[in-house]
Amino acid sequence: MEYRFRDIEKYWQEKWKAEKSYEVSNRSDKPKFYVLDMFPYPSGAGLHVGHPLGYIASDIFARYKRLKGFHVLHPMGYDAFGLPAEQYAIEHGVHPADSTAKNISTFRSQLDNIGFSFDWSREIRTSDPAYYKWTQWIFLQLFDSWYNRKSDRTEKIATLLRIFESEGNANYPIPNSQFQIPEYPDVTFTAQAWQSFPEKTRQAILMEYRVAYCGYGEVNWCEALGTVLANDEVVNGVSERGGHPVVKKKLRQWYLRITEYADRLLEGLQRVEFSEAMKDMQSNWIGKSSGAEVEFRISNKEQGISNAEGIRVYTTRPDTIFGVDFLVLAPEHDLVASITAPEQQEAVGEYISYVKSRSERERMMEKKISGVFTGAYAEHPLTGKDVPIWISEYVLAGYGTGAIMAVPSGDERDLKFAHHFKIPVTNIFGERFTGEEAIAAKDAILSNSDFLNGKNYQQAIDLVINRLEELGAGKRKVNYKIRDAAFSRQRYWGEPFPIVWKDGVAIPLDEKELPLELPYVKSYGPGAEGEGPLANIPEWTARGLETNTMPGYAGSSWYFLRFMDPQNEKEFCDRSISDYWQQVDLYVGGTEHAVGHLLYSRMWTKALYDLGHIGFDEPFRKLLNQGMIQGSSRFIYRVRGTHSFVSAGLKDQYETDELHVDVNMVDGLELDMEALKQWRPEYADAEFILEDGKYICGTLVEKMSKRLYNTVNPDTIVEKFGADTFRMYEMFLGPVEMSKPWDTKGIEGVHRFLKKLWRLFNSEQGLQVSDEEPTNEEYRVLHGTIKKIEEDTERFSFNTGVSAFMICVNALADLKCNKRKILEPLLVMLSPYAPHIAEELYRKTRNDEHASVLTASFPQLEEKYLVETSKEYPVSVNGKLRAQINIALDASQEDVQSIVLADPAVQKWMEGKPLKKLIYVKGKMVNVVV
RNA sequence: GCCCUGGUGGUGAAAUUGGUAGACACGCAGGACUUAAAAUCCUGUUCGCAGCAAUGCGAGUGCCGGUUCAAGUCCGGCCCGGGGCACCA
């Protein structure tokens, strides 16, 4: 009987579904294990062969853990809110809810084809009101919270109110916010003052503390998409999606105060198993640096402002303070207008408008040295000397204080600036500084620096900060690059905010009013200036409802919790259930979410933990990043202005245009010319210039994308070879973490392996399984495989795992072994990798309609079958392989020595030279040194 | 520029703590079965040299050097590819 994979796979997939084989309860005596994939955005393009890579890996691991006796939670759902569905709606008039539902059903049928063990009864969609009710609820918790720096926890606003009422805010200053609204006080107030504030002022002050807050801020505005984007959605000054230009704009926005969690987000990284690269990416994004804030008093007496204001700068190198030759302010800095000398007014004004005219992108592309002198001077806090104040675009308003002290001898950019504007440079590094290159190294010894002379960075930094603190001119300061996360989008297809605006005050909806459902609209056009489509709905605006919606990462920041208790209508997740499932033990997904989704969900988890809703503060215990499967594109070359296409090897003889063709029309490199003619009308009358009678295509590895005609649909692979072959082949391609181009060549090898396995059981006469007792050799093959599969699966080395099965089956085929006691454990081990064939054969060997590998256990390893009594050891003389000698495994060092030296082959190589040393590495080799 | 990765046959890749480099598979070459094809099976396949042959000798994991009886693996310096960050003071 041949291996009829289509029938087998169809049968088992239906059986699993009918019997709800993969549904899992929330209670068990077994230890738990939670395996989760980053859930997909259901795009219109459907799945290509790259998507399932991670799902297959996680499915193998989930199935493996079940066999190992764990109670495994392995759910799947859809990240269903997002921009592409809305863009599609604008272009095609299809409501996002409809196109999303359609896409989901395509995804589902594609996923079902591959035989995953997801518990579909737990499916969630972030766009489902029953789901986003709780997204809105969590938002309300964040809105009703503040971050208490003293306790280092998220706390209820009520505790802050009590503090304000009893002691004012002297001990709890307004968190560093870039969004202070001028008409409200950015000051400390007493308890009495608080009592006297009108409600509106109180609310405005509270807003400055809330974890989810609304404020005016510079945001990344994308005109083409008509929305605001988060920092991680902007790449090189253009939008990540679509590549549209992005400009800075001041708008009213919702934010998450993730900056308050920066230290805990860093600390938490030490407690999770993420790759070093991932941890680095997150730490760099958070960008913690420590240094000092130093105040320079303005000394330009003629302007009469010397008494009040000073310029605060942030520096990580306060030790170089004696090398300060000038200060530089960001052009947007608040003090620029007030300190500029009359004679410089015009130049400064011109410079500021020049900077405004430059887009973010231009600024990044061409790093020009530019700037202008303000005419003002500051007083050096230690030397009292006058220091000129400049403005330049290389100083960013958003980082530190928006002002720097420039030390040209210690900083490359400052030196270039000094050279460009011919500002004299003070040398504080003695001979080491030649004037050509700045000395940034921390081991440099300071000179020309008063009390810091002869000191290095380590020694000087404490001395100088202490001195500055004594003088009241500076203090220790930690800075972060991370910004509060923009949390609102001027879009339709997202969660509505459960917020009503009344006289400029944000009032949360009552919990009972949730979910606040997204209204059905006919037009998705933007509202007035910076407002979303919801602003066009009279009933919506009449209630004063917020017209922005939440960003894509809102729903995905907590979905792993909802999977634990997906149908709960009373809570987002029952505490006793989340106490059972705890963290996700294995989280599988791509690296593209390193600084977006992964940071946000970590922050939400910490907030929910602080507020007592869950019992753990890191969502993901271990993260496995699967690589991308890239497309291997194929090109044809059209001779310019003709219908002739020239084969790749001859294209240099013509002037040609390179055109993508569908990879599915190309076998290896050879084009199916008939298929091309049928493909599109413009190719119907194509002519070909061939080499060796074939048309050879050009190739390039690039991203797998419909647009490049290099996508391969898993359905076609499954149709041709079966799901088991597909699963094993994706794993066989290489380590899961690695990116690699898809190449169908080679899938035959895996398919052959499954056919060979099938033949071990089946001959023309039907099933042939023997109850004979296996030989020791057969047991050795089995137990060697058990050991290997267990080790490989545990360390996610699925590619070598697949190889181990091949080696095992080859050995059993050579031994003509069809013994039940060998084959059954083999099938159990194989079932995570190739579940359909394993089930089919297992049931047949058991001769029991109800037998299933799903209720089996991973076979127990019996070490005795791994042990051999003696072994052929390689013997090397001076590191060169000279002989193979059979040595008993329990032989002592002395025995080994006499056996080895007695061997004629070894004697020949020693030729009477004295033995210096004999190294016996057990189980590996023997090395004789002469 | 900074940080993180990786570099091994014609190809995808193995080698878990330093211990016979190239497992496993693709491709290729030859053979068996077959009228033929498909399917299946067997043999060979890092490179060079010698031999009818089994085999022997030499070289070999990006390059140069070091540690070690022994290095793909550890250390130092360089070259190249991939990913991330980028006027972050």
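Lettering follows sequence order; numbering is per chain, from 1. Note: hydrogens, waters and symmetry copies are ignored here, and every other heavy atom, side chains too, is used. No experiment lies behind these values; they were computed from the predicted model shown.
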Exercise. Can you check whether A:Arg759 has a side-chain N or O nearer than 4.0 Å to OP1 or OP2 of B:C41?
Worked result: yes
Exercise. Using atom C1' of each nucleotide, how far apart are B:U17 and B:C24 to the nearest Å?
Worked result: 23 Å
For this session: Name the nucleic acid region contacted by A:Val328, choosing base, sugar-phosphate or nothing; use a 4.0 angstrom heavy-atom cut-off, strictly under.
Result: nothing
For this session: Kindly write out the residues that satisfy salt bridge (Lys or Arg N to Asp or Glu O under 4.0 Å) with A:Lys720, not counting sequence neighbours, or none if the list is empty.
Result: none
Exercise. Think A:Tyr314 has a side-chain N or O under 4.0 angstrom from the OP1 or OP2 of B:A89?
Worked result: no
Exercise. Just checking A:Ser797: base, sugar-phosphate only, or nothing, at a heavy-atom cut-off of under 4.0 Å?
Worked result: nothing
Exercise. Hey, is the main chain of A:Leu265 close enough, under 3.5 Å, to the side chain of A:Arg602 for a donor-acceptor pair?
Worked result: yes
Problem set entry | Nearest-angstrom distance from the residue atom CG of A:Asp792 to P of B:A23 | 17 Å
Problem set entry | Rounded distance in Å between the C1' positions of B:G10 and B:U46 | 11 Å
For this session: Give a yes or no on whether the backbone of A:Gly398 and the side-chain of A:Arg483 come within a donor-acceptor separation of less than 3.5 Å.
Result: yes
For this session: Have a look at A:Asn479 and say if it touches a base, only the backbone sugar-phosphate, or nothing, with a 4.0 Å heavy-atom cut-off.
Result: nothing
Exercise. Parallel, tilted or perpendicular: which fits the ring planes of A:Phe296 and A:His380, with parallel below 30° and perpendicular above 60°?
Worked result: perpendicular
For this session: Rounded to the nearest angstrom, tell me the gap between atom CD1 in A:Ile389 and atom C1' in B:A89.
Result: 17 Å
Exercise. For A:Met738, which contact category applies under a 4.0 Å heavy-atom criterion: base, sugar-phosphate, or nothing?
Worked result: sugar-phosphate
Exercise. Which comes earlier along RNA chain B counting from the 5' end, the contact point of A:Gly734 or that of A:Lys756, where each point is its nearest nucleotide?
Worked result: A:Gly734
For this session: Tell me yes or no: between the side chains of A:Tyr480 and A:Thr259, is some donor less than 3.5 Å from an acceptor?
Result: no
For this session: Between B:U45 and B:C26, how far apart are the C1' atoms? Round to whole Å, please.
Result: 13 Å
For this session: Give the rounded distance in Å between these two atoms: CZ of A:Arg317 and C1' of B:C88.
Result: 15 Å
Exercise. So what does A:Asp280 touch, heavy atoms closer than 4.0 Å: a base, only the sugar-phosphate, or nothing?
Worked result: sugar-phosphate
Exercise. Considering only side-chain heavy atoms of A:Ile919, which listed nucleotide, B:A13, B:G19, B:U40, is closest?
Worked result: B:G19
Problem set entry | C1'-based separation of B:C41 from B:U34 [nearest Å] | 13 Å
Problem set entry | Side chain of A:Arg413 - closest among B:A15, B:C41, B:C87 | B:C87
For this session: Verify the contact: side-chain N or O of A:Asn284 to OP1 or OP2 of B:C2, cut-off strictly under 4.0 Å; return yes or no.
Result: no
Exercise. Can you find a side-chain donor-acceptor pair between A:Lys481 and A:Asn284 that sits under 3.5 Å?
Worked result: no
For this session: Nearest whole angstrom, please: distance from the C1' of B:A89 to the NE2 of A:His333.
Result: 13 Å
Problem set entry | B:A14 to B:A25 separation - P atoms, rounded to the nearest Å | 15 Å
Exercise. How should the glycosidic conformation of B:G9 be described, syn or anti, under the criterion that syn lies within 90° of 0?
Worked result: syn
Exercise. Taking atom types as they are modelled, is there a donor-acceptor pair under 3.5 Å from the base of B:C69 to the side chain of A:Asn927?
Worked result: yes
Seminar exercise, completed: Rounded to whole Å, the OH-C1' distance (A:Tyr399 to B:C87) equals 12 Å
Exercise. Starting at the 5' end of RNA chain B, which residue's closest nucleotide do you reach first, A:Thr316 or A:Ser739?
Worked result: A:Ser739
For this session: Just say parallel, tilted or perpendicular for the rings of A:Phe417 and A:Phe421, cut-offs at 30° and 60°.
Result: tilted
Exercise. Please give, in whole Å, the distance from B:C88 P to A:Tyr394 OH?
Worked result: 10 Å
Exercise. What nucleotide among B:C4, B:A13, B:A89 has an atom nearest to a side-chain atom of A:Ile404?
Worked result: B:A89
Interface polar pairs with nucleotides 24-28 of chain B, N/O, under 3.5 angstrom:
unit_1: B:A25; atom_1: OP1; unit_2: A:Asn810; atom_2: ND2; d: 3.0
unit_1: B:C26; atom_1: OP1; unit_2: A:Arg752; atom_2: NH1; d: 2.5

For this session: Take atom C1' in B:U11 and the same atom in B:C64, then report the distance between them in whole Å.
Result: 29 Å
Exercise. When the C1' atoms of B:G82 and B:C57 are considered, how many whole Å apart are they?
Worked result: 40 Å
Exercise. When you compare B:G66 with B:U55, how far apart are their C1' atoms, in angstrom units rounded to a whole number?
Worked result: 37 Å
Exercise. Under 3.5 Å, is there a donor-acceptor pair between the A:Tyr314 and A:Ser289 side chains?
Worked result: yes
Exercise. Just how far, in rounded Å, is P of B:G83 from CD of A:Gln626?
Worked result: 16 Å
For this session: Scan side-chain atoms only and decide if A:Thr800 and A:Asp792 contain a donor-acceptor pair under the 3.5 Å cut-off.
Result: yes
Problem set entry | Distance, rounded to the nearest Å, where A:Glu791 contributes CD and B:U16 contributes P | 11 Å
For this session: Taking the six-membered ring for Trp and the full ring for Phe, Tyr or His, determine whether the centres of A:Phe721 and A:Phe726 are under 6.0 Å apart.
Result: no
Exercise. Could you spell out the base pairing of RNA chain B in dot-bracket, with Watson-Crick or G-U pairs whose two distances are under 3.5 Å, [ ] crossing and | to another strand?
Worked result: (((((((..(((......[....)))((((((.......))))))(((((....)))))..(((((..]....))))))))))))....
Problem set entry | Parallel, tilted or perpendicular, as decided by the 30° and 60° cut-offs, for the rings of A:Phe798 and A:Tyr833 | perpendicular
For this session: Assign the ring pair A:Trp742 / A:Tyr729 to parallel, tilted or perpendicular, where the plane angle (0 to 90°) is split at 30° and 60°.
Result: perpendicular
Exercise. From the list B:C87, B:G84, B:U16, which nucleotide is the closest neighbour of the side chain of A:Glu393?
Worked result: B:C87
